[in-house]
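See below for the structure under consideration.
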Amino acid sequence: MDIIGTILWPIKWVIELILVSFHTLWSTLGMDPDAGITWVLSIVGLVLLVRAALIPIFVRQIRSQRKMLEVAPQLKKIQDKYKGKRDQFSREAMSRETMELYRRTGTNPLSSCLPLLIQMPIFFGLFSVLNGAQNDSRGVGQLTASLADSFANSELFGAPLRSTFIGEFNLLTSGSDGNVLVMIIAATMVVLMTASQFVTQLQIMAKNMSPEAKNSPMFKQQRILLYILPLVFAFSGVAFPLGVMFYWLTSNAWTMVQQFLVIRNMPTPGSEAAKAREARLAKKGRLPDQQPPLEGAPTAEEAKRVTQRQQPVNKNRAKKSGSKR
């Protein structure tokens with residue numbers, strides 16, 4: 001077993017346990033254990049449970065990315081300050097000021113990547129388990145040979161979960177009997193996967209970035225990824241078995257909804273989402289600086305009249321007014 005297989009082995013064991021547990025649950029409730037819908041619901045349950053467990057990591061990643069976006073304009077100023085200077089003294093000064101900025105603002109460029117690195121083995125494990133089951137391969141734990149065979153030969157609306165768009169397309173073009181239904185379902189799922197990925201990235205760029213962050217180089221990079229990542233799903237999705245595509249689609253839907261809730265309730269300061277949240281709170285009278293008045297306390301108009309002071313009278317004017325009397 002290679003090093004990657006060694007790392008993924010315990011992750012795959014846990015994933016198989018969850019997948020088989022959901023399959024047992026649906027079968028106990030009266031569903032056909034060999035039906036495609038039973039396995040699809042097991043995949044959906046697996047994804048939802050795993051993604052729910054990763055919520056703290058996701059929130060930490062969002063906060064780290066937000067901090068990096070907030071300091072991006074200041075980081076650009078440092079870079080512009082030493083632009084074109086290649087001597088060792090300037091490089092050391094630029095590095096020193098950059099590290100001081102990170103220390104002062106409590107940010108770390110690697111902290112936003114760390115949660116993603118933690119999630120990658122889990123996602124690879126999910127993909128490996130589902131892909132292995134699609135190929136009628138026994139798992140490392142609870143996924144027995146009979147269960148893997150049941151998964152590999154199950155069908156949804158007449159489309160085998162082990163089939164791929166490109167596989168059926170090749171059969172069709174070679175004169176064999178390709179399953180057109182598989183191609184239609186796969187193409188629909190590829191479109192949904194691409195659209196959900198695009199909407200998720202667009203939510204961040206359109207609503208959850210401050211004006212300063214939109215002028216930073218990081219924004220330009222994310223704008224490029226906005227169009228590249230959906231294309232990756234579009235081109236790679238045609239080679240995914242239907243069962244694996246159900247995993248990707250469910251995961252993308254979870255990410256899109258989760259991202260929407262985070263942007264709505266934890267927006268980046270200065271962004272359009274933050275202004276919209278302040279407007280909602282102001283409408284409900286729940287802004288931090290809008291505390292309800294205490295019972296019996298004077299209103300703002302009454303307080304204004306009470307606090308109005310008369311102009312002080314000059315001593316000489318006071319004497320003159322007294323003498324006239």
Side-chain angles (χ1 to χ4, degrees), residues 12 15-52 123-139 141-174 176-197 199 230 232-257:
K12 292 170 63 175
I15 290 172
E16 289 181 10
L17 175 63
I18 299 173
L19 180 66
V20 173
S21 297
F22 273 109
H23 182 263
T24 303
L25 172 63
W26 305 133
S27 301
T28 304
L29 293 177
M31 300 184 68
D32 184 1
D34 295 324
I37 186 62
T38 305
W39 283 108
V40 167
L41 290 177
S42 300
I43 295 172
V44 172
L46 166 67
V47 175
L48 296 181
L49 185 61
V50 171
R51 293 304 301 269
F123 292 149
F124 278 127
L126 280 169
F127 183 86
S128 179
V129 169
L130 296 179
N131 193 51
Q134 296 286 71
N135 296 318
D136 206 359
S137 176
R138 189 189 188 285
Q142 301 297 316
L143 193 64
T144 62
S146 59
L147 288 174
D149 180 71
S150 172
F151 189 15
N153 294 288
S154 60
E155 296 182 353
L156 183 66
F157 305 122
L161 294 182
R162 70 190 305 172
S163 301
T164 65
F165 178 93
I166 193 66
E168 298 301 323
F169 179 80
N170 291 334
L171 290 175
L172 193 64
T173 54
S174 64
S176 301
D177 294 331
N179 194 329
V180 179
L181 183 59
V182 171
M183 298 173 61
I184 294 175
I185 295 177
T188 302
M189 295 184 67
V190 167
V191 171
L192 293 176
M193 288 165 56
T194 305
S196 60
Q197 181 68 32
V199 170
V232 172
F233 276 99
F235 285 105
S236 60
V238 296
F240 288 165
L242 292 182
V244 176
M245 291 178 67
F246 275 109
Y247 151 67
W248 281 110
L249 181 58
T250 306
S251 182
N252 278 6
W254 175 283
T255 302
M256 183 172 63
V257 175

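None of these values were measured; they are calculated from a predicted model.
- Rounded to the nearest 0.5 angstrom, Met256 CE and Ser196 OG are separated by 6.0 Å.
- Between the Ser174 side chain and the Asn170 main chain, a donor and an acceptor come within less than 3.5 Å of each other.
- Contact annotation: the side chain of Val238 never approaches that of Phe169 to less than 4.5 Å [non-hydrogen atoms, C-beta and beyond].
- In this structure Asn153 satisfies the side chain to side chain donor-acceptor pair (under 3.5 Å) test together with Asp149, sequence neighbours excluded.
- Rounding to the nearest 0.5 angstrom, the gap separating the CZ atom in Phe235 from the CD1 atom in Ile166 is 11.5 Å.
- Here the shortest heavy-atom pairing between Ala159 and Val182 reads CB-CG2, 3.7 Å.
- In this structure, the separation between CG on Leu161 and CH2 on Trp39 is 10.0 Å, given to the nearest 0.5 Å.
- For Val47, the side-chain contact (heavy atoms from CB on, under 4.5 Å) partners at least two apart in sequence or on another chain are Ile43, Arg51, Tyr247, Thr250, Ser251.
- The shortest side-chain heavy-atom distance between Met245 and Val190 falls under the 4.5 Å cut-off.
- Taking each heavy atom of Asp34 and Ser150 in turn, the nearest pair found is OD1-OG, 2.6 Å.
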Per-pair distances, 0.1 Å, donor-acceptor, side chain in residues 16-25, under 3.5 Å, sequence neighbours excluded:
residue : atom : partner : partner atom : Å
Glu16   : OE1  : Val140  : N            : 3.2
Glu16   : OE1  : Gly141  : N            : 2.7
Glu16   : OE1  : Gln142  : N            : 3.4
Glu16   : OE1  : Leu143  : N            : 3.3
Glu16   : OE2  : Val140  : N            : 2.9
Ser21   : OG   : Leu17   : O            : 2.6
His23   : NE2  : Pro33   : O            : 2.7
Thr24   : OG1  : Val20   : O            : 2.8

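- For the atom pair CG (Leu249) and CG (Leu242), the distance works out to 11.5 Å, reported to the nearest 0.5 Å.
- Looking at heavy atoms from C-beta onward, Ser154 lies out of side-chain contact with Thr38 at the 4.5 angstrom threshold.
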